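What follows is a short report on a single structure.
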Amino acid sequence: MFVNAKTGTAEGNAPGLVLNSANGKVDLSQASASLSKGRGDSVDVQVLEGKASIKGSDGQSKDLTTREEVKILTPLPQKPVAMDAENPEAVPFQWQGFPANSNVTLWVGPSRKQLKPLMKAAPNANQLMASLPFGRHYWKLVATNPQGSVAAESAIYKTEILARYAPTMVFPTADAEVPAVQTPYDMTFKWQKGDDTRQMTLELWADEQLKNKISSNTFTKEESFTAPGLKGGTYFWRMTTYFVDTEKPALGKVQKFTIKPANQVQAKVEFVPVQINFTMPEKDMVQYYVEKPRLGLSWKADKAENVSAWRVKYHTEEEDPALAQSFDVKEVQNTQVQAPVARPGRYIASIEALNKDGKVLGTTSSQILTVSPLPLLEAPSFTPAEGTLQASMDGRTQLTWESRGRCQRILADHS
């Protein structure tokens with residue numbers, strides 16, 4: 001767990017954050033720190049910035065200091081790294097404080113005890129770019145001198161790399177043909193924004209070279225926009241997304257649609273956008289299983305009478321979304337499924353509504369959930385805990401055990 005109480009406040013008006021642990025009371029009011037489980041009931045405290053102190057049971061205080069020799073600039077250990085799920089980028093690692101003429105190597109692993117060297121920085125460099133899959137990673141930096149001996153190393157940090165998804169476009173879909181009874185035509189765009197989306201910009205052009213811009217509009221909470229007075233023809237549009245905690249926009253793919261007279265598209269099924277929302281799982285939900293891991297999904301939708309099938313798509317957090325598994329649910333009234341998965345872990349799922357021609361009428365926002373084995377119950381506590389059971393004169397013996405706070409007894413015949 002990471003605590004960031006060092007937020008620039010003066011020492012006199014700090015928030016007064018104190019952790020009670022088996023080691024004693026740890027004052028974190030002026031510190032940014034990493035907390036992890038130590039041996040037994042102890043807690044390991046690693047100060048990243050600022051200062052902290054621990055007061056033991058004897059009443060004596062001891063200052064906990066940061067490692068002054070090495071400072072990590074990026075990624076910040078108390079903040080996740082979020083990036084566009086459709087266009088993942090390398091993660092920048094920057095530091096200062098290693099000895100001159102040392103070679104720095106990035107070690108990465110799924111836990112503190114399973115770190116392995118991943119890549120080396122250029123000689124005398126203070127940064128490197130590492131491609132890491134979505135998920136949680138533990139890491140440290142190790143510097144070696146020209147003779148190959150370890151000269152210094154950083155503390156071990158944990159960083160979570162999050163997949164961020166652009167708003168889901170409900171209408172128009174890619175290459176849509178929009179029937180217009182008359183022109184000019186008022187074209188309505190509809191989308192579903194993600195939870196971590198803070199701003200969106202919708203751009204519309206009249207040419208494929210994107211030189212003749214018709215409009216550019218910015219939204220924060222809205223989920224629709226009407227572009228008035230469009231003539232018949234083909235138009236190009238793009239949705240740009242700004243996520244929380246980042247200034248770098250995620251540029252969506254340029255799509256197109258065509259406005260045609262209604263009599264030219266009568267043979268095609270009328271496109272009726274459908275809005276779908278998950279009813280399960282809830283955000284960041286953990287689903288437990290006993291024998292085989294499965295994803296339990298359920299959803300609701302408006303205009304379901306226009307839907308001919310549901311398409312369930314899912315993939316692990318580390319996999320490329322383009323390689324997601326999928327299957328169709330033909331019984332439209334069935335809006336819940338149990339999707340088998342190969343192993344426990346974090347998964348990203350979405351649901352699409354299809355018409356009879358297989359066109360997508362709508363899709364949910366992607367949902368993250370964790371599949372985990374159901375924790376086993378604690379073993380019962382037997383009385384007597386050890387030794388030989390002694391039968392009474394009637395040939396019977398008694399064994400008592402305690403399970404989850406209830407005592408149960410059984411009498412067994414001695415043979």
Side-chain angles (χ1 to χ4, degrees), residues 1-8 19 21 23 26-28 30-40 42-54 56 61-83 88-162 246 248 318:
M1 180 173 68
F2 289 97
V3 174
N4 189 21
K6 184 181 181 298
T7 55
L19 170 71
S21 72
N23 308 65
V26 184
D27 187 350
L28 299 169
Q30 298 287 320
S32 172
S34 168
L35 310 176
S36 59
K37 186 180 182 303
R39 293 184 178 180
S42 66
V43 176
D44 290 335
V45 180
Q46 174 189 320
V47 179
L48 305 176
E49 285 186 276
K51 59 181 180 179
S53 63
I54 181 170
S61 293
K62 177 184 177 182
D63 289 336
L64 303 174
T65 57
T66 133
R67 300 189 178 199
E68 299 289 348
E69 68 274 11
V70 178
K71 183 176 181 180
I72 302 300
L73 305 179
T74 60
L76 296 177
Q78 66 269 24
K79 290 187 178 181
V81 177
M83 60 182 68
E89 302 174 345
V91 179
F93 289 81
Q94 295 179 301
W95 60 87
Q96 65 184 30
F98 281 121
N101 300 319
S102 60
N103 296 314
V104 178
T105 302
L106 171 66
W107 290 56
V108 180
S111 70
R112 294 176 180 273
K113 297 181 179 180
Q114 295 178 288
L115 301 181
K116 296 182 179 179
L118 178 67
M119 64 181 302
K120 287 186 177 182
N124 297 317
N126 63 351
Q127 66 177 2
L128 59 81
M129 304 292 291
S131 296
L132 297 174
F134 295 118
R136 299 183 181 92
H137 304 277
Y138 288 87
W139 59 275
K140 69 177 180 179
L141 297 172
V142 178
T144 56
N145 57 31
Q147 292 73 37
S149 301
V150 175
E153 65 178 77
S154 72
I156 297 176
Y157 302 97
K158 182 178 73 172
T159 296
E160 183 167 9
I161 301 177
L162 303 177
T246 179
K248 185 178 181 181
E318 298 83 10

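One is the number of the first residue; the rest follow in order along the sequence. Treat the numbers as computed from the prediction; the structure is a model and nothing was measured.
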Quick one, [X] and [Y] - any side-chain contact, counting heavy atoms below 4.5 Å?
X      : Y      : answer
Thr144 : Ser102 : no
Lys140 : Leu115 : yes
Val104 : Val142 : no
Pro80  : Leu162 : yes
Leu141 : Leu106 : yes
Gln96  : Asn126 : no

Can you see which heavy atom on [X] is nearest to which on [Y], and at what distance?
X      : Y      : value
Pro75  : Thr159 : CG-OG1, 3.9 Å
Trp95  : Ala121 : CH2-CB, 3.8 Å
Pro88  : Phe134 : CB-CZ, 4.1 Å
Lys120 : Leu128 : C-CD2, 4.2 Å
Ala130 : Leu118 : CB-CD2, 4.2 Å
His137 : Leu132 : NE2-CB, 4.0 Å

Handout entry: Non-neighbouring partners of Gln114 that pass side-chain hydrogen bond (donor to acceptor under 3.5 Å, both in side chains), sequence neighbours left out
Key = Ser111
Problem - Gln94: side-chain hydrogen bond (donor to acceptor under 3.5 Å, both in side chains) partners, not counting sequence neighbours - result: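 Thr74, Gln127.
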Completion exercise
The reported gap from OG1 in Thr105 to NZ in Lys116 (rounded to nearest 0.5 angstrom) is 15.5 Å
Practice task
Could I get the full list of ring pair (Phe, Tyr, Trp, His ring centres under 6.0 Å) partners for Phe93, not counting sequence neighbours?
Solution key: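 Ring pair (Phe, Tyr, Trp, His ring centres under 6.0 Å) list for Phe93, sorted by chain: Trp139.
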Handout entry: Ser131 vs Val91, side-chain contact (heavy atoms from CB on, under 4.5 Å): CA-CA, chis, key distance, verdict
Key = CA-CA 6 Å; Ser131 296; Val91 179; over 6 Å; no
